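None of these values were measured; they are calculated from a predicted model. Quick note: numbers below take in every heavy atom, side chains included, and nothing from hydrogens, waters or symmetry partners. Counting begins at 1 with the first residue of the sequence.
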Amino acid sequence: MTYLLEQHKFECRVSSVLNKNNRLYGKKYMFDNCPETCWNSDAGSPQWIIIDFEREYELSSFQIQFQGGFVGKDCYLEVDTKETKFHESFYPEDKNNIQTFKLKNPMKAKTFKFVFNESTDFFGRVIIYKLSLCS
């Protein structure tokens, strides 16, 4: 298993950051391998994360570690390639553990968008400690 985010250059965009406080809750904390830092979205739905690589990579699975009580619901991964638009739902549990999601059909693309249409949080906030993409 190859962890794409650890071995390849990428850019990340997120829908929001709690109180616009990137210093404490910014997107970079999903990738720092520190169990005490996280991306914390602001209130509202949907929330999303876009990972954009310089070139295409094949994605076969991904891992997300949420904070229980702030877990995405009605989630899907969206991949838009030149040939097709791909959309696969995934169903996280409301817990703190790292959760692994295997794609039914591995997909090769430059851009991967994770969408959380709802949250287990009443205000729609999502908190993620770790996000890994695997080929």
Can you check whether [X] reaches [Y] side chain to side chain, under 4.5 Å on heavy atoms?
X: Ile50; Y: Thr111; answer: yes
X: Lys104; Y: Glu88; answer: yes
X: Ser60; Y: Leu103; answer: no
X: Cys75; Y: Ser89; answer: no

Identify the two heavy atoms, one from [X] and one from [Y], that lie closest to each other, and give their separation to 0.1 Å.
X: Asn33; Y: Lys130; value: OD1-NZ, 3.1 Å
X: Val115; Y: Pro46; value: CG1-CB, 4.3 Å
X: Arg55; Y: Lys110; value: C-CG, 3.4 Å
X: Lys28; Y: Asn22; value: CE-O, 4.5 Å
X: Leu133; Y: Leu131; value: CD1-CG, 4.0 Å
X: Ile98; Y: Gln63; value: CG2-CB, 3.8 Å

When you group the ILVMFWY residues by side-chain heavy-atom contacts below 4.5 Å and let the links chain together, are [Y] and [X] in the same group?
X: Phe101; Y: Leu77; answer: yes
X: Tyr57; Y: Ile51; answer: yes
X: Val17; Y: Met30; answer: yes
X: Met107; Y: Ile64; answer: yes
X: Tyr129; Y: Val14; answer: no

Pairwise distance [atom1]([X]) to [atom2]([Y]) - rounded to 0.5 angstrom:
X: Lys113; Y: Asp52; atom1: NZ; atom2: CG; answer: 12.5 Å
X: Ile128; Y: Cys38; atom1: CD1; atom2: SG; answer: 9.5 Å
X: Tyr25; Y: Asn40; atom1: OH; atom2: CG; answer: 6.0 Å
X: Leu24; Y: Thr37; atom1: CG; atom2: OG1; answer: 10.5 Å
X: Leu4; Y: Ser132; atom1: CG; atom2: OG; answer: 9.5 Å
X: Phe31; Y: Glu6; atom1: CZ; atom2: CD; answer: 11.0 Å

Quick one about [Y] and [X] (side-chain donor to acceptor, distance below 3.5 Å, no hydrogens or angles considered), yes or no?
X: Gln47; Y: Ser16; result: yes
X: Glu118; Y: Ser45; result: no
X: Glu58; Y: Ser135; result: no
X: Asn117; Y: Lys73; result: no

Expected output: side-chain [X] to main-chain [Y] donor-acceptor under 3.5 Å:
X: Ser61; Y: Lys102; answer: no
X: Asn19; Y: Asn21; answer: no
X: Asn96; Y: Gln67; answer: no
X: Ser119; Y: Arg125; answer: yes

For atom [atom1] of [X], decide whether the heavy atoms of other residues, nucleotides or ligands shown that lie under 6.0 angstrom number more than 12.
X: Glu11; atom1: CD; value: no
X: Gln7; atom1: CD; value: yes
X: Lys95; atom1: NZ; value: yes

Go through the steps for Gln99 and Glu93 under the test side-chain contact (heavy atoms from CB on, under 4.5 Å), then give the verdict. CA-CA 8 Å; Gln99 300 178 58; Glu93 295 179 42; 3.7 Å; yes
Derivation of the side-chain contact (heavy atoms from CB on, under 4.5 Å) call for Trp39 and Ile49: CA-CA 10 Å; Trp39 166 60; Ile49 301 165; 3.7 Å; yes
Measure centre to centre between the rings of Phe116 and Tyr76, then say whether the value is under 6.0 Å.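 No, too far apart.
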Pair Phe112 + Phe62: ring centers closer than 6.0 Å: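 Here the rings of Phe62 and Phe112 have centres that are no less than 6.0 Å from each other.
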side-chain contact (heavy atoms from CB on, under 4.5 Å) between Tyr91 and Asp74, worked out: CA-CA 7 Å; Tyr91 305 95; Asp74 186 18; over 6 Å; no
Step-by-step side-chain contact (heavy atoms from CB on, under 4.5 Å) determination, Tyr3 to Leu5: CA-CA 6 Å; Tyr3 292 97; Leu5 300 176; over 6 Å; no
